[in-house]
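To start, the structure itself, in structure tokens.
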Protein chains: 2
Amino acid sequence: MARATTASAQAWTDAAYARFQSGGLRAVRVEVVGRDLGATKGSFYWHFGNRQDLVAAVMRRWEAEQTDAVIRAADAGGDARGRLSALFAAVAASAPHRGGEARLYVEASEEGVGDAVLRVSRRRIDDLSELLVQVGFDESEAARRATIALAAVIGLQQLAVAEDSSPGEFGGAALTATALAMTVSRDEPTSRLA
Amino acid sequence: MARATTASAQAWTDAAYARFQSGGLRAVRVEVVGRDLGATKGSFYWHFGNRQDLVAAVMRRWEAEQTDAVIRAADAGGDARGRLSALFAAVAASAPHRGGEARLYVEASEEGVGDAVLRVSRRRIDDLSELLVQVGFDESEAARRATIALAAVIGLQQLAVAEDSSPGEFGGAALTATALAMTVSRDEPTSRLA
DNA sequence: CATGTTCCGTACGCTACCGTATGGCTCACA
DNA sequence: TGTGAGCCATACGGTAGCGTACGGAACATG
């Protein structure tokens with residue numbers, strides 16, 4: 001049986017995923033992951049064809065986890081507004097654990113896995129969009145607002161990474177609340193001030 | 001006169017900046033920039049101490065240009081609302097030319113130039129924040145909204161990069177208009193739907 | 001014309017990667 | 001017990017970077 005999913009292949013993927021989470025795809029180096037594992041390239045190239053296969057495995061796992069997370073977020077009971085605030089809170093809470101994802105948008109195209117990133121992004125937009133429709137926005141406005149909201153989350157990640165893991169000027173709960181408010185609020189009819 | 005700013009040093013910085021604009025700091029490689037220039041490392045290491053010096057020069061230039069851009073944007077006449085929409089439109093229009101900046105947030109910490117990125121980010125937030133105050137928000141709310149708005153712009157850049165320079169699902173004018181609306185709109189008093 | 005300074009090309013060493021070749025260990029099983 | 005398959009370590013070749021050593025060209029200037 002050639003190159004089945006043996007325990008070792010799984011171990012390689014696990015270790016690679018750990019590297020990815022902290023340093024992005026760029027940190028998924030076969031010799032480095034091998035050292036984490038106490039193994040050498042001899043093992044790696046028996047289980048995988050090349051580094052791209054490992055990166056692809058990492059991305060499959062990432063996509064699956066993100067999909068699961070979305071499903072769990074949608075499972076949270078309550079009305080649409082409650083689900084919205086729960087979703088924003090969950091995103092804010094999980095921000096520190098997504099250092100790898102911050103690097104993903106740029107790396108995706110270079111590593112040839114841009115499609116997975118786009119699928120996950122569109123899925124996130126679609127799910128958020130659906131909630132916004134339930135709150136009263138029409139489809140296209142909801143889609144636009146969902147896109148902007150996702151972009152805001154991604155941008156905050158970027159700023160946090162640039163800050164280099166300091167306390168977190170860009171990670172507070174107040175920002176999350178503001179982002180939610182901006183996402184669900186409509187223009188007020190009478191504009192104050194010119 | 002040791003290592004003055006000769007024409008060649010300027011040429012190295014120019015060529016490095018061009019590389020940065022298209023491929024980020026990661027694309028600023030001594031030998032590659034040298035090839036662009038028809039020169040070799042012998043020249044480089046006469047004018048610069050090491051690669052970090054070149055990266056620092058690129059960042060100085062980037063920071064100066066961004067500051068200039070902010071000043072020009074503020075110069076645009078009109079009331080606060082007009083300046084806001086002009087600002088959003090200008091940002092959207094310049095998006096295609098900022099492929100290097102998209103990579104900057106992640107690279108900044110790795111290359112040790114995170115401070116420049118943070119200065120520019122804070123400056124952008126401050127300027128936008130001031131406009132939002134003029135439109136009627138209190139200081140802290142304006143600051144939060146400005147942060148989210150900047151994050152949204154950054155996030156759209158990230159999504160566009162992940163898309164790998166395809167037509168541009170994340171670059172339309174409709175999104176820009178929505179982002180502006182979300183930034184300046186307050187909660188409507190009566191919430192429709194539960 | 002001699003000499004020193006400025007500037008730069010070439011050659012080298014070093015590290016970190018990827019991928020390949022090859023030999024050898026271990027275990028199932030005939 | 002012998003043998004083949006599965007698994008892996010070691011060693012090697014190759015590329016892309018950074019930084020250094022060194023020699024030499026060009027030019028000014030005494």
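Residue numbers begin at 1 in each chain, while the letters A, B, ... track the order of the sequences.
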In whole angstrom, what separates [X]'s [atom1] from [N]'s [atom2]?
X: B:Leu54; N: D:dG17; atom1: CG; atom2: P; answer: 14 Å
X: B:Glu111; N: D:dG17; atom1: CD; atom2: P; answer: 13 Å
X: A:Arg26; N: D:dA16; atom1: CZ; atom2: C1'; answer: 12 Å
X: A:Leu37; N: D:dC7; atom1: CG; atom2: P; answer: 15 Å
X: B:Phe44; N: C:dT6; atom1: CZ; atom2: C1'; answer: 18 Å
X: A:Trp46; N: D:dC7; atom1: CH2; atom2: P; answer: 4 Å
X: B:Arg51; N: D:dG17; atom1: CZ; atom2: C1'; answer: 9 Å
X: B:Phe48; N: C:dC8; atom1: CZ; atom2: P; answer: 11 Å

May I ask you to verify if any side-chain N or O of B:Ser8 is less than 4.0 angstrom from the OP1 or OP2 atom of C:dC7?
no
Verify the contact: side-chain N or O of A:Arg29 to OP1 or OP2 of C:dC17, cut-off strictly under 4.0 Å; return yes or no.
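It does not, given that no N or O in the side chain of A:Arg29 lies less than 4.0 Å from OP1 or OP2 of C:dC17.
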Can you list every salt bridge (Lys or Arg N to Asp or Glu O under 4.0 Å) pair that touches residues 20-34 of chain B, not counting sequence neighbours?
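Qualifying pairs, neighbours excluded: B:Glu31-B:Lys41.
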Sequence neighbours excluded - salt bridge (Lys or Arg N to Asp or Glu O under 4.0 Å) pairs with any residue from residues 51-60 of chain A
A:Arg51-A:Glu111
What pair of heavy atoms forms the shortest contact from B:Asn50 to B:Phe44, and how long is it?
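Heavy atoms only, the tightest pair is O-CZ, 3.5 Å.
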Which heavy-atom pair separates B:Phe170 from B:Leu159 by the least distance, and what is that distance?
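Looking at all heavy atoms of both residues, the shortest contact is CD1-CB, 3.6 Å.
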Side chain to side chain contact (heavy atoms under 4.5 Å, CB included) partners for B:Ala95, two or more places apart
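Applying side chain to side chain contact (heavy atoms under 4.5 Å, CB included) to B:Ala95 gives B:Arg98.
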Can you list everything that forms a side chain to side chain contact (heavy atoms under 4.5 Å, CB included) with B:Ala39? Sequence neighbours excluded, please.
B:Trp12, B:Leu37, B:Ser43
As a test of reading the structure: which of C:dC8, C:dC18, D:dG6 is closest to the side chain of B:His47, going by heavy atoms?
C:dC8
Where do N or O atoms of nucleotides 9-14 of chain D meet protein N or O atoms at under 3.5 Å, pair by pair?
{"from": "D:dA9", "atom 1": "OP2", "to": "A:Thr40", "atom 2": "N", "distance (Å)": "3.0"}
{"from": "D:dA9", "atom 1": "OP2", "to": "A:Thr40", "atom 2": "OG1", "distance (Å)": "2.7"}

Considering only distance and modelled atom types, tabulate donor-acceptor pairs under 3.5 Å from the side chains of residues 135-144 of chain A, sequence neighbours left out.
{"from": "A:Asp138", "atom 1": "OD1", "to": "A:Ser140", "atom 2": "N", "distance (Å)": "3.2"}
{"from": "A:Asp138", "atom 1": "OD1", "to": "A:Ser140", "atom 2": "OG", "distance (Å)": "2.9"}
{"from": "A:Asp138", "atom 1": "OD1", "to": "A:Glu141", "atom 2": "N", "distance (Å)": "3.1"}
{"from": "A:Glu141", "atom 1": "OE1", "to": "A:Arg144", "atom 2": "NH2", "distance (Å)": "2.8"}
{"from": "A:Glu141", "atom 1": "OE2", "to": "A:Arg145", "atom 2": "NE", "distance (Å)": "2.7"}
{"from": "A:Arg144", "atom 1": "NE", "to": "B:Thr178", "atom 2": "OG1", "distance (Å)": "3.0"}

Quick one: salt bridge (Lys or Arg N to Asp or Glu O under 4.0 Å) partners of A:Glu130, sequence neighbours excluded?
none
Suppose we screen for salt bridge (Lys or Arg N to Asp or Glu O under 4.0 Å). Which residues come up paired with A:Asp36, at least two apart in sequence or across chains?
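With sequence neighbours excluded, A:Asp36 shows a salt bridge (Lys or Arg N to Asp or Glu O under 4.0 Å) to A:Arg19, given in chain and number order.
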Show each protein N/O and nucleotides 22-27 of chain D N/O combination with a separation under 3.5 Å, one pair to a line.
none

